[in-house]
K.L.:
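Please read through the structure below; I'll follow up with questions.
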Amino acid sequence: MQQHCIYWDPDRDGVIWPRDTWNGFRDLGFNLLFSFLATIVVHVGMSLPTRLGVSYFPDPFFRIYIQTIHTDKHGSDSGAFDTEGRFIPARFEDMWTKYTPANARGGPPRTTMTLSELWDFMHGNRLAMDPFGWAAGFLEWITTFLLVQKNGQVDKEDVRKVIDGSLFFEVRIARKSKEGWNKGFGFGGDGFVGGEKMLPFRL
């Protein structure tokens, strides 16, 4: 989980400030409103558990501490991380095996998942009496879909890169190029709507 968070800690001090999260979402192409709401949700929901690993008192600035990021693991998730924040490849593979139907003609296994299948996956991982986990899982996967979908589907390798955090750097570099990032919906955060430059300014 710490590797997943490196992108959001640009100065590598082990602490993610709300402004780091704001800048991170903006660099990924999300617009002002989405970035603002996401920053609030992320830091209100994730700051306290990581703070209690280094202090007895809540952080007045709602900062997130990477060294204890594993304490932010919530219920109703994919199970791709264990309670110590370690990635479990088998659980990631199970996600695709269970929720993407086999190729009817005996071809290679599918490596993409539709929004409907992603919804079935989220629903299938819900635990009883866990509204926080339901909401957190929904927001995480919908944001992932908005960032990497293409033709209404998310690619397995893109999702893996989101989990290990490497895709964030790829998207940021692509967004700064003339071609832009050719996946996701965009919403005009950097002038791109989808994969096309349609606005001469950032929103």
K.L.:
Rounded to the nearest 0.5 Å, how far apart are CD of Gln3 and CG of Asp164?
P.N.:
5.0 Å
K.L.:
Can you see which heavy atom on Thr83 is nearest to which on His70, and at what distance?
P.N.:
O-CD2, 3.6 Å
K.L.:
Would you say Leu37 and Leu32 are hydrophobically clustered, going by side-chain heavy atoms of ILVMFWY under 4.5 Å?
P.N.:
yes
K.L.:
Would you compute the distance between atom NE2 of His4 and atom CE of Met1 and round it to the nearest 0.5 angstrom?
P.N.:
7.5 Å
K.L.:
For a 4.5 angstrom cut-off between non-hydrogen side-chain atoms, does Glu93 reach Ile88?
P.N.:
no
K.L.:
With Cys5, which of Thr50, Ile66, Ile64 fulfils side-chain contact (heavy atoms from CB on, under 4.5 Å)?
P.N.:
Ile66
K.L.:
If I compare all heavy atoms of Arg175 with all of Gly29, which pair ends up nearest, and what's the gap?
P.N.:
NE-CA, 4.0 Å
K.L.:
State the CG-CG distance between Asp77 and Asn125, to the nearest 0.5 angstrom.
P.N.:
7.0 Å
K.L.:
Please name the pair of heavy atoms, one in Ile142 and one in Met122, separated by the smallest distance, quoted to 0.1 Å.
P.N.:
CD1-CE, 4.4 Å
K.L.:
Determine the minimum heavy-atom distance between Leu147 and Leu28, stating which atoms define it.
P.N.:
CD1-O, 4.0 Å
K.L.:
Determine the minimum heavy-atom distance between Arg63 and Arg51, stating which atoms define it.
P.N.:
NH2-NH1, 4.4 Å
K.L.:
A side-chain contact here means heavy atoms from C-beta on lying under 4.5 Å apart; do Leu167 and Arg160 qualify?
P.N.:
no
K.L.:
Is there a donor-acceptor pair under 3.5 Å between the side chain of Arg12 and the backbone N or O of Ile6?
P.N.:
yes
K.L.:
Of Val154, Val171, Thr143, Thr144, which meets side-chain contact (heavy atoms from CB on, under 4.5 Å) against Val162?
P.N.:
Thr144
K.L.:
Any chain of hydrophobic side-chain contacts (each under 4.5 Å) joining Tyr65 to Phe81?
P.N.:
no
K.L.:
If you compare all heavy atoms of Gly45 against all heavy atoms of Asp72, which two are closest, and at what distance to 0.1 Å?
P.N.:
O-OD1, 4.3 Å
K.L.:
Enter the distance from Asp27:CG to Tyr7:OH here, rounded to the nearest 0.5 Å.
P.N.:
4.5 Å
K.L.:
Is it the case that the side chains of Ser76 and Asp130 hold a donor-acceptor pair, with the cut-off being a distance below 3.5 Å and no angle test?
P.N.:
yes
K.L.:
Please check if the distance between the ring centroids of His43 and Phe61 is under 6.0 Å.
P.N.:
no
K.L.:
Look at the side chain of Asp20 and the backbone N and O of Trp17, then say whether any donor-acceptor pair between them is shorter than 3.5 Å.
P.N.:
yes
K.L.:
Would you kindly confirm whether Phe30 and Phe169 end up in one hydrophobic cluster when ILVMFWY residues are joined by side chain heavy atoms under 4.5 Å apart?
P.N.:
yes
K.L.:
With rounding to the nearest 0.5 Å, note down the distance linking CZ in Phe57 to CG in Leu52.
P.N.:
10.5 Å
K.L.:
Identify the residue among Trp96, Phe145, Phe138, Trp141 that makes a ring pair (Phe, Tyr, Trp, His ring centres under 6.0 Å) with Phe121.
P.N.:
Trp141
K.L.:
Looking at Glu170 and Lys183, does any basic side-chain N land under 4.0 Å from a carboxylate oxygen?
P.N.:
no
K.L.:
Verify side-chain contact (heavy atoms from CB on, under 4.5 Å) between Asp155 and Lys150, making sure each step is shown before the conclusion.
P.N.:
CA-CA 8 Å; Asp155 183 78; Lys150 190 167 188 177; over 6 Å; no
K.L.:
Return yes if some donor-acceptor pair links the side-chain N/O of Asp9 with the main-chain N/O of Gly14 below 3.5 Å, else return no.
P.N.:
yes
K.L.:
Quick check: does any side chain N or O of Gln149 sit under 3.5 Å from a backbone N or O of Gly184, one acting as donor and the other as acceptor?
P.N.:
yes
K.L.:
Is the Phe25-Trp8 ring centre distance short of 6.0 angstrom?
P.N.:
yes
K.L.:
Is there a path of hydrophobic side-chain contacts, each under 4.5 Å between heavy atoms of I/L/V/M/F/W/Y residues, joining Leu139 to Met46?
P.N.:
yes
K.L.:
Does a salt bridge link Asp94 with Lys98, judged by any charged N lying under 4.0 Å from a carboxylate O?
P.N.:
no
K.L.:
Does Val54 share a hydrophobic cluster with Leu48, counting links as ILVMFWY side-chain heavy atoms below 4.5 Å and allowing steps through other members?
P.N.:
no
K.L.:
Could you grab the distance from atom CZ of Phe92 to atom CD1 of Ile163, nearest 0.5 Å is fine?
P.N.:
5.0 Å
K.L.:
Is it true that a side-chain atom of Ser177 and a backbone atom of Ala174 form a donor plus acceptor pair closer than 3.5 Å?
P.N.:
yes
K.L.:
Quick check against the 3.5 Å criterion: does Trp134 have a side-chain atom that pairs as donor or acceptor with the backbone of Leu127?
P.N.:
yes
